[in-house]
Amino acid sequence: MPRSSRPFRLAAAVLVVASWGAMSARADDMPVIKVEMRDGVILPATIEVPANTRFKLEISNTGQSPVEFESTELKREKALAAGSTSAIVFRTLDPGTYQVFDDFHPEAKATLVAK
């Protein structure tokens, strides 16, 4: 490889590493909204999230049985074993109210409000 092309390759590598750092920083800046599911209960009952903003919904199953966070309106679902935590990343949501429920415990319902 000619010596004259080495600085260009080094500069390209630095740009790639810098862009990875920027992507990581953006993911860390994403709002995280925490939801607890426990044997037929969803807490909070009204989940407030930012509208028109990327965010992460972190769901923890603190109960003794499996749960499934689900919304037919949002076309999202996430099953969790007892004692586990997982997340769903939403690119954006239009302002509005969306119904969510636990598919394994039909009595467990909550409202997700994007504003």
Heavy-atom distance under 4.5 Å between the side chains of [X] and [Y], does that happen here?
X	Y	answer
V67	H105	yes
I47	V113	no
D39	Q64	yes
L57	V35	yes

Identify which one of K109, E73, E70 satisfies the side chain to side chain contact (heavy atoms under 4.5 Å, CB included) criterion when paired with Q99.
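Of the listed residues K109, E73, E70, the side chain to side chain contact (heavy atoms under 4.5 Å, CB included) partner of Q99 is E73.
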
About how many Å separate [atom2] of [Y] and [atom1] of [X], when rounded to the nearest 0.5 Å?
X	Y	atom1	atom2	value
L112	R76	CG	CZ	11.0 Å
E68	E77	CD	CD	4.5 Å
F101	E107	CZ	CD	12.5 Å
M37	N61	CE	CG	7.5 Å
F69	I59	CZ	CD1	5.0 Å

Can you name the closest pair of heavy atoms from P31 and P50 and give their distance?
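Heavy atoms only, the tightest pair is CG-CG, 4.2 Å.
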
Nearest heavy-atom neighbours spanning A114 and Y98
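Looks like CB-CE1, 4.2 Å.
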
Taking only residues two or more places apart in sequence, or in another chain, which ones meet E36 in a salt bridge (Lys or Arg N to Asp or Glu O under 4.0 Å)?
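Only R38 meet the salt bridge (Lys or Arg N to Asp or Glu O under 4.0 Å) criterion with E36.
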
Side-chain heavy atoms nearer than 4.5 Å, only ILVMFWY residues, links allowed to pass through others: does that put L74 and F55 together?
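Yes: a chain of side-chain contacts under 4.5 Å links L74 to F55.
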
N/O donor-acceptor pairs under 3.5 Å from side chains in residues 83-95, not counting sequence neighbours:
unit_1, atom_1, unit_2, atom_2, d
S84, OG, A81, N, 3.2
S84, OG, A81, O, 2.7
T85, OG1, S60, OG, 3.0
S86, OG, K78, NZ, 3.4

Between K115 and E48, does the salt bridge (charged side-chain N to carboxylate O under 4.0 Å, His left out) criterion hold? Intermediate values first, please.
CA-CA 7 Å; K115 55 181 176 178; E48 294 186 10; 3.6 Å; yes

So does P106 get a backbone contact from the side chain of D102, meaning a donor-acceptor N/O pair under 3.5 Å?
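It does not hold such a pair.
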
